[in-house]
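Report on one structure; see the data block that follows.
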Protein chains: 2
Amino acid sequence: MRNRSYHHGDLPAQLLARAEQTLREKGSGALSLRELARDIGVSPAAPSRHFKSKQALLDALALTGFERMADAIAASQEGVGETFAERLDAAARAYVGFAVADAALLDLMFSVKHSPEASEALSGAAHRWSELLLSLISEGQRRGEVQEGPLERVALPVFAALHGYVGLRVSGMLPPEVSENGLDDVIASILRGCRPQ
Amino acid sequence: MRNRSYHHGDLPAQLLARAEQTLREKGSGALSLRELARDIGVSPAAPSRHFKSKQALLDALALTGFERMADAIAASQEGVGETFAERLDAAARAYVGFAVADAALLDLMFSVKHSPEASEALSGAAHRWSELLLSLISEGQRRGEVQEGPLERVALPVFAALHGYVGLRVSGMLPPEVSENGLDDVIASILRGCRPQ
DNA sequence: ACCTGAACACCGTTCAAGT
DNA sequence: ACCTGAACACCGTTCAAGT
């Protein structure tokens with residue numbers, strides 16, 4: 001009775017939660033729909049009612065990843081100074097922190113292979129995230145601390161540098177001590193790159 | 001007879017070549033050891049003599065990717081001007097070109113999951129590639145066009161911005177027109193970020 | 001040394017059937 | 001509507017056996 005209602009309406013959430021856990025603990029290679037179903041105590045065919053394919057579940061997972069990342073970055077802005085440098089620093093550290101804590105999820109979020117239909121929902125979530133950084137930069141422009149120019153054009157190099165540092169770091173391309181202290185240099189370079197001339 | 005010698009000593013190369021082809025044409029999700037063996041006309045167990053696991057083959061593939069990428073970047077420097085700006089521009093475009101032409105391979109190269117033993121050989125290949133950019137920056141310093149300071153610390157933000165642009169682009173996060181023209185802004189930002197103060 | 005054949009323990013997905 | 005049971009067509013990997 002209790003078990004019955006337990007598996008009614010909550011299976012999608014259960015699947016996502018469990019998938020996220022094994023993704024974090026064992027990596028994306030160890031993610032199996034059948035094992036997920038087994039762990040939850042449901043038949044191998046059950047997940048297909050809620051996610052029409054394994055890729056659909058991965059897409060949904062990536063989507064929640066973007067939302068949580070946006071939340072983390074938004075939270076990083078609370079109670080921090082008002083200068084662009086301070087706010088960028090906080091956002092960058094939040095981004096890096098999220099990525100390092102959940103490397104496999106980040107990999108999934110920026111994966112090359114998404115089902116075409118998911119790409120729109122996904123870039124929607126990515127857009128919500130990118131708008132945080134865009135408004136941060138826009139505010140920097142308003143304060144005269146960031147160069148003038150079309151927002152997207154000014155923002156792209158900032159995105160690229162942060163995203164690239166994160167990518168290099170989680171893929172293990174950085175020697176340990178660079179991994180520790182490199183972010184400071186990246187942020188400093190970004191600030192020099194986008195300050196008024 | 002001819003077939004017999006065909007499958008002697010060349011199977012590893014055949015496997016890698018075929019794997020690279022399906023990686024480019026159908027993505028990493030469609031890469032199956034058994035299918036590779038079938039295509040080449042060999043038994044399902046044959047690949048295991050040369051690559052002890054599927055991951056080992058993927059690692060080898062990533063390794064050749066780094067080598068080809070290093071070749072492409074080295075080639076980009078031939079017959080180009082001597083200023084740092086010109087050389088960086090050429091290297092950046094070679095990097096982007098390689099990545100866009102072989103998105104799935106790039107994904108593999110910077111993938112989070114590599115077998116631990118492969119990581120050393122892999123970061124060796126990555127190192128050979130990174131040394132190209134490092135010497136480029138070192139030369140820029142010598143010419144007084146790049147700020148002084150420890151090479152790795154000056155180089156990281158350059159790497160990060162390029163790698164991040166490539167990552168954003170191949171994962172489809174950039175709107176088409178940003179994808180077209182964004183690299184110019186990224187390069188300009190890098191140059192501002194690392195020029196002498 | 002290199003490969004085959006066959007087997008093992010898994011997959012994702014589909015579909016009739018149950019409730 | 002939601003799930004089960006069973007089946008289908010695949011996987012990666014191992015291992016005795018062949019040459």
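The analysis underlying the following values was restricted to heavy atoms, covering all of them including side chains, and did not include hydrogens, waters or symmetry mates. What you see is a predicted model; the values in this text were computed from it and never measured. Chain A is the first sequence line, chain B the second, and so forth, proteins listed ahead of strands; every chain is numbered from 1.
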Query - Bracket string, DNA chain C, 5' to 3' - pairs by Watson-Crick or G-U geometry under 3.5 Å, | interstrand - result: ||.|||||...|||||.||

Query raised in the report: Would you call the rings of A:Phe66 and A:Trp129 parallel, tilted or perpendicular, where under 30° means parallel and over 60° means perpendicular?
Result: tilted

Query - Euclidean distance, atom CD of residue A:Glu35 to atom P of C:dA9 [Å, nearest integer] - result: 17 Å

Query raised in the report: To the side chain of B:Ser43, which of D:dC11, C:dC11, C:dT4 is closest?
Result: C:dT4

Report task. Please list, chain by chain and in numerical order, all residues satisfying side-chain hydrogen bond (donor to acceptor under 3.5 Å, both in side chains) with A:Asn181, sequence neighbours excluded. Result -> none

Query raised in the report: Can you tell me how far C1' of C:dT4 sits from CZ of B:Arg38, to the nearest Å?
Result: 16 Å

**Report entry** Annotated protein contacts, base or backbone, on nucleotides 13-19 of chain D with a non-hydrogen cut-off under 4.0 Å, one of B, S, - each
**Finding:** BBB----

Query raised in the report: Who are the side-chain hydrogen bond (donor to acceptor under 3.5 Å, both in side chains) partners of A:Asp102, not counting sequence neighbours?
Result: A:Arg24, A:Arg68

**Report entry** B:Ala74: side chain to side chain contact (heavy atoms under 4.5 Å, CB included) partners, not counting sequence neighbours
**Finding:** B:Leu132

Using residues 166-178 of chain A as the side-chain source, report each donor-acceptor pair under 3.5 Å to any protein atom, sequence neighbours left out, with the distance given to one decimal.
unit_1: A:Arg169; atom_1: NE; unit_2: A:Ser179; atom_2: OG; d: 3.3
unit_1: A:Arg169; atom_1: NH1; unit_2: A:Tyr165; atom_2: OH; d: 3.1
unit_1: A:Arg169; atom_1: NH1; unit_2: A:Ser179; atom_2: O; d: 2.9
unit_1: A:Ser171; atom_1: OG; unit_2: A:Gly167; atom_2: O; d: 2.8
unit_1: A:Ser171; atom_1: OG; unit_2: A:Leu168; atom_2: O; d: 3.3

Query - Separation of atom CG in A:Leu36 from atom C1' in C:dC11, rounded to whole Å - result: 13 Å

Report summary line: salt bridge (charged side-chain N to carboxylate O under 4.0 Å, His left out) pairs touching residues 188-197 of chain A, sequence neighbours excluded, are none

**Report entry** Residues forming a side-chain hydrogen bond (donor to acceptor under 3.5 Å, both in side chains) with A:Asp59, sequence neighbours excluded
**Finding:** A:Gln55, A:His114, A:Ser115

Query - With sequence neighbours excluded, residues passing salt bridge (charged side-chain N to carboxylate O under 4.0 Å, His left out) with A:Glu86 - result: none

Please tabulate, for side-chain N and O atoms in residues 26-34 of chain A, each donor-acceptor pair with protein atoms closer than 3.5 Å (sequence neighbours left out).
unit_1: A:Ser32; atom_1: OG; unit_2: A:Arg34; atom_2: N; d: 3.3
unit_1: A:Ser32; atom_1: OG; unit_2: A:Glu35; atom_2: N; d: 3.0

Query raised in the report: To the nearest angstrom, how far is A:Leu11 atom CG from D:dA1 atom C1'?
Result: 13 Å

Query - Sidechain N-carboxylate O distance under 4.0 Å for B:Arg93, B:Asp184 - result: yes

Query raised in the report: Whole Å only: how far is the CG atom of B:Leu31 from the P atom of D:dG12?
Result: 8 Å

For residues 154-161 of chain B, tabulate all N or O donor-acceptor pairs below 3.5 Å that involve a side-chain atom, not counting sequence neighbours.
none

Query raised in the report: Looking at DNA chain D, which of residues 16-30 of chain B put a heavy atom within less than 4.0 Å of it?
Result: none

